[in-house]
Student: 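I have a structure I would like to understand better, so I am pasting it below and will then ask my questions one at a time.
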Amino acid sequence: MQTLSKIDLKFEELKSRLGQIEDLEAASDLLHWDQATYMPAGGAPARGRQIATLRQISHQKLTDPELGQLLEDLRDYEKKMPYDSPEASLIRLARRNYQQSMQVPAAFMAELSLHQAETYEIWAKARSENDFAAVRPYLEKTLDLSRELANFFPGYDRITDPLIAYSDYGTNTTTLLQLFRQLRRQLIPLIEAIAAASPVDDGALHQNFDEDVQIQFCRRAIARLGYDFQRGRQDQSPHPFTIGFSINDVRLTTRTYADDLNQGLFSTFHEMGHALYEQGIAQELEGTPLAGGISAGMHEAQARLWENQVARSRAFWEYFYPWLKGVFLRQLGQISVNKFYQAINKVSRSPIRTDADEVTYNLHVMIRFDLELEMLEGRLSIRDLPEAWNERYRSDLGIVPRNHSEGVMQDVHWYSGTIGGMFQGYTLGNLISAQLYETALKTHPEIPVDIERGNFKSLHQWLKENIYRHGRKYTANELLQKVTGTPLSIDPFVRYIRSKFGELYRL
Ligand code: ZN
């Protein structure tokens, strides 16, 4: 019988400690899922407390000095293992998480999350009443706390760097500003050319579509695409999201509107992309912190790839449109697949980020990213924020929001999180998804024909093999370089939208 050496025992202890932290986090996520789906409204105060208690215990375990000592003791062990082995990857990731958590005092984290919960409540009410004055003092405190959080990580180049590192580790403000500037230069003339072209009629999507029938359609479609209902489920919630408690229990939610087919369909395909990612992680990583998505950008890329590159393509609807027509014959019977394809890809300069098309979407992100930096660096006060917001919408998109609810108060992020580090992941996701899909098509040029025939396995398999199964073994930059052979670039995305929308709008 083989006995474990002393160092192997230490590694087993590390795994067991990290496993407990994962369990606590999964339990608090499950409470959150319930809160967002089936919990009666009366449960809210107790639920907030229960989640906070679990988070506090997991934070204590994560910042336990004994965990720090174990990570020190395992340095030689880590060096002897291959870089991408589960062992070395786990130690590397755990060390990063440990160091990040140790930088920030627990009392500060408690104050921040209390403030965030309070602000969210105020915002939810104020937004419907279009009352920016009501959230202003809360947002001012959020700005102070965001600065304070960043300052626990001295030595940064720009103040947003440590905040970005929380969700998109490995990139920084300077790199992003440069990418965004290049992208903006490509987007503005394209948007102007589209605005001058003959407009697309998307009336087909705005009829009366029974919501239960929409849900049934989405369920059948995502099962066909590869979502595993034995290891997940689909429910309804006001804000669609995906959440996993294990590789074998990854759930998504959908939101439908009777008069807008876009919302139900594409939010479902989007969330399914997030869910396929987590369902596709290698089973050997189950129960460890490696069993998750690498970064906000890489996670978003998986969602956008299925939502946009796949589900907004003509090939996709060659296969699915007869299904959709079958359940909505009265509404779609007279509408051709081509007309439908145009409608779901309509470009319009609208004030709302979440409703934005593929061409204008990134401008919404850049506006927020720039404003965050200006606020954190003290060049823009919260008092002047609404005006600065409207001004940027005027100059970038040629529109002015009619009120704060569709302007500066539209997104939940600043009102439930920090200012800074919250938005870049969306544009990173769009760029990464195009870069990955271009590579997938180079290796498997048959993918579009497969999609047209309702065979999604070739693409799904490629993603599992190259992205999903690795979990968090690599950083986003490492994996992108490994899979596509180049660092992150705007070029694949620009090629993709130029070709697709150039054809759609006959530019
Ligand atoms: Zn997403």
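Start at 1 and go down the list; that is how both ligands and their atoms are numbered. The figures here come from the full heavy-atom set of this structure, side chains too, leaving out hydrogens, waters and symmetry mates.
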Student: I'd like to know whether the aromatic ring centres of F269 and F316 sit less than 6.0 Å apart in this structure.
Tutor: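 Distance test on ring centres: under 6.0 Å, yes.
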Student: Return yes if some donor-acceptor pair links the side-chain N/O of R92 with the main-chain N/O of K473 below 3.5 Å, else return no.
Tutor: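 Yes, the answer is positive, given that a donor and an acceptor are paired below the 3.5 Å cut-off.
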Student: Does R304 count as lying over the ring of Y361, i.e. NZ or CZ under 6.0 Å from the six-ring centre, within 45 degrees of the axis?
Tutor: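 So R304 does make the cation-pi contact.
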Student: If you consider just the N/O/S atoms, which atom of E300 is the closest one to the Zn ion (ligand 1)?
Tutor: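 Distance check against the Zn ion (ligand 1) picks out OE1 in E300.
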Student: Just one of Y437, Y277, W306 clears the side-chain contact (heavy atoms from CB on, under 4.5 Å) bar with L463, so which one?
Tutor: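 Between L463 and the candidates, side-chain contact (heavy atoms from CB on, under 4.5 Å) is satisfied uniquely by W306.
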Student: Report the name of the N/O/S atom of H274 located nearest to the Zn ion (ligand 1).
Tutor: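 Of the nitrogen, oxygen and sulfur atoms in H274, the Zn ion (ligand 1) lies nearest to NE2.
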Student: Please confirm if an N, O or S atom belonging to H270, backbone or side chain, lies less than 2.8 Å from the Zn ion (ligand 1).
Tutor: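 True for H270.
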